[in-house]
Amino acid sequence: MKAVRVRFSPAPTGSLHVGSARTALFNYLFARHHGGDFLLRIEDTDRTRTREEWVVGIQDSMRWLGLDWDEGPILQSQRNAIYRTAADDLLERGRLYECFCTEEELKQRSDAARAARKQPGYDGHCRDLSPEQRRDLAAEGRPRTLRFRTPDEGASRFADEIRGEVRVEWSTIPDFVVVRPDGTPIFFLANAVDDLEMGITHVIRGEDLLDSTHRVLALREALGGSAPPLYAHLPLILGPDRSKLSKRHGAVALEEFRDAGYLPEAVCNYLALLGWAPDDGREVMDLDEITSAFSLEGVTHASAAFDHQKLDWMNGEWIRRLTLRELEARALPLAEARFGDRLDLARFQEALRIGQERAVTVGALLEQMDFLLVDDEDLVIHDDAWARLAGTERVAELLDVVDAHLATCAWTLEGVDLRPPLTEAGFKVRKVMPALYVAVEGRPAGLPLFDSM
RNA sequence: GCCCCCAUCGUCCAGCGGCCCAGGACGCCGCCCUUUCAAGGCGGUAACGGGGAUUCGAAUUCCCCUGGGGGCACCA
């Protein structure tokens, strides 16, 4: 196999989504496994849908995950001249033709075709205009797009690395637009030109792009490109209910996972296991281990449902694998964001040490240490707390004992034992445990109140 | 409507013709540990969508059906 060159080419129309992140990860894994190059190419040809902050955000998320790239980011929006030249050449050679239909006309005819139970999509209206007709249409001030002339017969086929032979009849693929009226290229053109020029050897992307491959390949061929890259289409990631993964299923943007206190190791690990598995069945693996075990052959064909519970478990595993120092480094930024200048480092560290063995996410752990770092009046009392207190006898007295004792000492989780004073006051410690947690932590359960060894 | 892809426990995967009355992980249930909740240990529950065909033998091959997903833009 020649030197591997792959690229991750997101459209910056939003922050990095778990589906795209998985695609980026698989490209990274494939490149690193084979000692090849991994490029980052930003497909921002549609200026109306892209934003600078998203191209920055995508890179931030990739760095957070630990997916470093070798070249880029290459912005397609800055390569217009290249696509322009390619399009002119294609037009001259008759592979492209000018189309003067307006979007409204297109939609109207497409709807009509649909109503007549015929194929919607472009009808070839401007396919064979005479030079005079083109001149007149242009003179009317109509928008001018460039369309690719699709073969009239035969089939397009290619061997997908994970799906095998894929084939579709050209008759089902209408002529498609490749250059907008403003001269900017559409995905198909920019994609074909770039993959060719950048020497991409393998295209690893989501299955949603499977059908578009035929068009990109035809364009590449028209461009004079030989030896097209090998394509590998990944199964899609679905929501827990098997519908399209979206916000209503919970967090979907990498930033959200980061802010909720998920570890990048866990997210990578979980994402890698969504649609892939190593031969030996290992599950908890770091990026290097996954890299050396990675192979496209291990990629599944069926789309996978995103399971937040398994991610949570995975994250707990990773929190426990980190040294306390490492965990502290990861948690500090989140703690600063949550507690601001009330962050007491000593208490934070103690809570982290005690919480590490029970945590699911750093975010949840931080929530549990609220009572240590937030002023009493600002402490948010957990919903279930009041019910717990209400069900306990001598609540007021209990609170008094707790307050009185805490007033006598510098409070730390392990340095203060509330049991003796409670016993002395006639409480059965075992019976008042739930209420005790509410009294001290503002929640029915949380960080251990005293050394329970 | 048309085209394409896919199909093993609730979920993620293993299985690539006999080793499978199907294995692991998450979840769930139970027990142990425990002066909260967890974490941890042990055990359990649970699946080859349906129908044909090939074969001595099919979860594994082929066909049909059904189901799920994707695509059919001047988005990518």
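At a threshold of 4.0 angstrom between heavy atoms, the contacts of A:Thr45 are confined to the sugar-phosphate backbone, with no base atom among them. When heavy atoms are screened at a 4.0 angstrom cut-off, A:Arg205 is found touching no nucleic acid atom at all. Within the nucleic acid shown, A:Glu43 comes within 4.0 Å of sugar-phosphate atoms alone, with no base atom in reach, counting heavy atoms only. Nucleic acid contact class of A:Gly281 (heavy atoms, under 4.0 Å, all strands): none. Residue contacts for A:Gly316: at a heavy-atom cut-off of 4.0 Å it reaches no nucleic acid atom on any strand shown. Residue A:Gln76 is out of contact with every strand shown, counting any heavy-atom pair closer than 4.0 Å. If you check every strand for non-hydrogen atoms under 4.0 Å, A:Pro143 touches a base. Here A:Gln119 lies out of heavy-atom contact (under 4.0 Å) with every strand. Contacts of A:Leu209 with the nucleic acid, taken as non-hydrogen atoms under 4.0 Å apart, include base atoms.
Distance noted for atom C1' between B:G15 and B:A25: 15 Å (whole Å). Between B:C2 and B:A59, the two C1' atoms lie 33 Å apart (nearest whole Å). Nucleotides B:A47 and B:C12 are separated by 13 Å at their C1' atoms, to the nearest Å. For the C1' atom pair drawn from B:A46 and B:C13, the interatomic distance equals 16 Å after rounding to whole Å. Rounded to whole Å, the C1' atom of B:C32 lies 14 Å from the corresponding atom of B:A39. Rounded to whole Å, the separation between the P atoms of B:G24 and B:C63 comes to 33 Å. Nucleotides B:A53 and B:G10, compared at atom C1', are 33 Å apart to the nearest Å. B:U61 and B:C48 have their C1' atoms separated by 16 Å, given to the nearest Å.
Close to B:U36, at under 4.0 Å from its OP1 or OP2, lies no side-chain N or O of A:Arg358. The phosphate of B:C13 has OP1 or OP2 within less than 4.0 Å of a side-chain N or O from A:Thr300.
Side chain A:Asp211 to base B:G70: a donor-acceptor pair is found below 3.5 Å. Below the 3.5 angstrom threshold, one finds no donor paired with an acceptor across the side chain of A:Lys107 and the base of B:A73.
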Which pairs of donor and acceptor atoms, one on a side chain in residues 293-301 of chain A, lie under 3.5 Å apart (sequence neighbours left out)?
{"from": "A:Ser295", "atom 1": "OG", "to": "A:Glu297", "atom 2": "N", "distance (Å)": "3.0"}
{"from": "A:Thr300", "atom 1": "OG1", "to": "A:Gly275", "atom 2": "O", "distance (Å)": "3.0"}
{"from": "A:His301", "atom 1": "NE2", "to": "A:Ile162", "atom 2": "O", "distance (Å)": "2.7"}

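Shown here, B:U54 forms no base pair; nothing in the strands shown gives a Watson-Crick or G-U wobble contact with both key distances under 3.5 Å. In this structure, B:G40 forms a base pair with B:C32, meeting either the Watson-Crick or the G-U wobble geometry with both donor-acceptor distances under 3.5 Å. Using Watson-Crick or G-U wobble geometry with both donor-acceptor distances under 3.5 Å, B:C72 finds its partner in B:G1. Of all nucleotides present, none satisfies the Watson-Crick or G-U wobble test against B:U60 with each distance under 3.5 Å. Nucleotide B:A7 has B:U66 as its partner under the Watson-Crick or G-U criteria, with both atom distances under 3.5 Å.
If A:Glu169 and A:Ser303 are placed on RNA chain B by their nearest nucleotide, the residue sitting closer to the 5' end is A:Glu169. Across the interface with RNA chain B, nearest-nucleotide mapping of A:Val299 and A:Arg163 shows A:Arg163 to be the residue nearer the 5′ end.
We find that A:Arg220 and A:Asp195 are not joined by a salt bridge, their nearest charged nitrogen and carboxylate oxygen being 4.0 Å or further apart. Taking the charged nitrogens against the carboxylate oxygens, A:Glu207 and A:Arg163 do have a contact shorter than 4.0 Å, which makes a salt bridge. Under 4.0 Å is where a charged nitrogen must lie from a carboxylate oxygen, and between A:Arg325 and A:Glu328 at least one such pair does. A salt bridge links A:Asp241 to A:Arg248: at least one charged side-chain nitrogen sits closer than 4.0 Å to a carboxylate oxygen.
Under the salt bridge (Lys or Arg N to Asp or Glu O under 4.0 Å) test applied with A:Glu265, the options A:Arg320, A:Arg330, A:Arg321 reduce to a single match, A:Arg330.
Near RNA chain B, meaning a heavy atom under 4.0 Å away, the residues from residues 232-248 of chain A are A:Leu236, A:Arg242, A:Lys244. In the region residues 95-102 of chain A, proximity to RNA chain B at under 4.0 angstrom, judged on heavy atoms, holds for A:Cys101, A:Thr102. Taking a 4.0 Å limit (strictly below) on heavy-atom distances, residues 180-190 of chain A reaches RNA chain B at A:Arg180, A:Pro181, A:Ile186, A:Phe187, A:Phe188.
When the P atom of B:A76 is taken as reference, atom CD1 of A:Ile204 falls 22 Å away, rounded to whole Å.
Of the candidate nucleotides B:G71, B:C12, B:G27, B:G71 has the atom lying nearest to any side-chain atom of A:Arg215. Here B:A7 is the nucleotide among B:A7, B:C75, B:C72 with the atom lying nearest to any side-chain atom of A:Ala302. Taking only side-chain atoms of A:Asp46, from C-beta outward, the nucleotide of B:A76, B:U36, B:G10 with the closest atom is B:A76.
Listed by first and then second residue, the salt bridge (Lys or Arg N to Asp or Glu O under 4.0 Å) pairs that reach into residues 139-148 of chain A are A:Glu98-A:Arg144, A:Glu105-A:Arg142, A:Glu140-A:Arg142, sequence neighbours excluded. Residue pairs meeting the ring-ring contact (aromatic ring centres under 6.0 Å, His included) criterion with at least one member in residues 137-187 of chain A, sequence neighbours excluded, are A:Phe148-A:Phe176, A:Phe158-A:His214, A:Phe158-A:Tyr231, A:Phe176-A:Phe188.
By the 5.5 angstrom centroid cut-off and the 30-degree plane limit, A:Trp313 is classified as not stacked against the base of B:C26.
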Practice problem: Evaluate the criterion side chain to side chain donor-acceptor pair (under 3.5 Å) for residue pair A:Asn315 and A:Tyr270; output intermediate values, then yes/no. | Solution: CA-CA 9 Å; A:Asn315 202 61; A:Tyr270 177 69; over 6 Å; no

